[in-house]
Amino acid sequence: MQKSFVITLIIALIGAIVIYALSTNVQLVVSFIAGVMLASLVFTFVPSSTATDSNKPYVGPTMTLYVGNLPYRVHEGEVKALFGEYGPVNSVRLVRDRKTGRRKGFGFVEMSETGAKKAMNKLNDYSFQERTLKVREAKSQESDPSESNKED
């Protein structure tokens, strides 16, 4: 049995005892218990979009964003929550210094393409924990070396 179902049954039993103590109508107690048990069954087996869905990675087109000027004390979960307001987030990578292990103040967020575009528009120059974020599309690591030699 699922934990929520057991908890609901315990609550129903406590409620039935209280109602029985206050009333001598046994039919009322039986109706109450049956109603709570039915409700718990419905809520137990109806799928919900809770934490289990948020653990599944987004499968559609994605985009990786560069996020600069992050507070050094920020954690991946806080960045994921911020960007998660605009679309599904697959991953957050905050860059650390190899020698000290301290965060460097920037990172990368991989999320749905449409969410990433919204996040870029809304979160670039956004004040987050007393820092002004810089949000851009991340450049790929396999960039063409001839492009970096071009002069504008």
Side-chain angles (χ1 to χ4, degrees), residues 1-19 32-152:
M1 271 198 248
Q2 291 187 356
K3 191 176 182 179
S4 63
F5 182 70
V6 173
I7 291 172
T8 306
L9 286 177
I10 292 170
I11 292 170
L13 184 61
I14 292 170
I17 292 169
V18 169
I19 290 174
F32 176 76
I33 292 173
V36 172
M37 288 175 59
L38 182 62
S40 67
L41 281 172
V42 169
F43 288 118
T44 301
F45 296 109
V46 171
S48 61
S49 59
T50 57
T52 56
D53 289 342
S54 66
N55 293 334
K56 295 178 184 177
Y58 175 75
V59 195
T62 62
M63 181 186 289
T64 302
L65 300 175
Y66 162 83
V67 185
N69 203 30
L70 283 167
Y72 295 106
R73 65 185 180 276
V74 75
H75 296 282
E76 284 85 357
E78 295 169 308
V79 175
K80 185 175 184 175
L82 177 67
F83 281 81
E85 294 178 24
Y86 301 98
V89 176
N90 280 357
S91 67
V92 175
R93 297 180 312 272
L94 301 181
V95 178
R96 294 179 177 266
D97 184 271
R98 289 183 190 193
K99 292 181 183 178
T100 65
R102 293 182 183 173
R103 291 189 179 89
K104 289 184 153 188
F106 70 94
F108 301 92
V109 176
E110 181 189 3
M111 62 186 301
S112 70
E113 189 174 348
T114 56
K117 289 176 182 178
K118 288 179 194 174
M120 272 195 298
N121 288 333
K122 297 288 185 176
L123 297 178
N124 187 44
D125 293 329
Y126 176 78
S127 181
F128 177 66
Q129 296 184 5
E130 300 177 7
R131 302 286 300 256
T132 303
L133 298 181
K134 297 297 175 190
V135 182
R136 308 272 187 269
E137 183 174 359
K139 297 178 183 174
S140 68
Q141 292 178 342
E142 307 91 32
S143 61
D144 187 7
S146 62
E147 286 187 28
S148 62
N149 294 333
K150 290 182 182 176
E151 293 182 23
D152 292 333

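Since the structure is predicted, the reported quantities are computational estimates derived from the model, not experimental observations.
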Rounding to 0.5 Å, atoms NZ (Lys80) and CD (Glu110) come to a distance of 11.0 Å
Nearest 0.5 Å please: distance from the CD atom of Gln129 over to the CD atom of Glu78. 5.0 Å
Non-hydrogen atoms of Ala138 and Phe108 that approach each other most closely: CB-CD2, 4.0 Å
Please collect all salt bridge (Lys or Arg N to Asp or Glu O under 4.0 Å) contacts where either partner lies in residues 90-109, sequence neighbours excluded, each pair once. Glu76-Arg103
Kindly indicate whether the side chain of Leu82, heavy atoms from C-beta on, has any atom under 4.5 Å from the side chain of Leu133. yes
For the atom pair OG1 (Thr64) and CD (Glu137), what is the distance rounded to the nearest 0.5 Å? 8.5 Å
Can you give each donor-acceptor pair under 3.5 Å made by side-chain atoms of residues 65-74, sequence neighbours left out, with the distance rounded to 0.1 Å?
from	atom 1	to	atom 2	distance (Å)
Asn69	OD1	Arg131	NE	3.2
Asn69	OD1	Arg131	NH2	2.4
Asn69	ND2	Thr132	O	2.7

For Lys134, does the NZ atom have more than 12 heavy-atom neighbours from other residues, nucleotides or ligands under 6.0 Å away? yes
Search all heavy atoms of Gly87 against all heavy atoms of Ser112 and return the closest pair with its distance. CA-OG, 4.1 Å
Do Met120 and Met63 make a side-chain contact, defined as non-hydrogen atoms from C-beta onward lying under 4.5 Å apart? yes
Would you sort out whether Phe83 and Val92 count as a side chain to side chain contact (heavy atoms under 4.5 Å, CB included), showing the intermediate values? CA-CA 10 Å; Phe83 281 81; Val92 175; over 6 Å; no
Nearest heavy-atom approach of Ala119 to Met111 is CB-SD, 4.2 Å
Residues that Asn124 engages under side-chain hydrogen bond (donor to acceptor under 3.5 Å, both in side chains), provided they are two or more places apart: Arg136
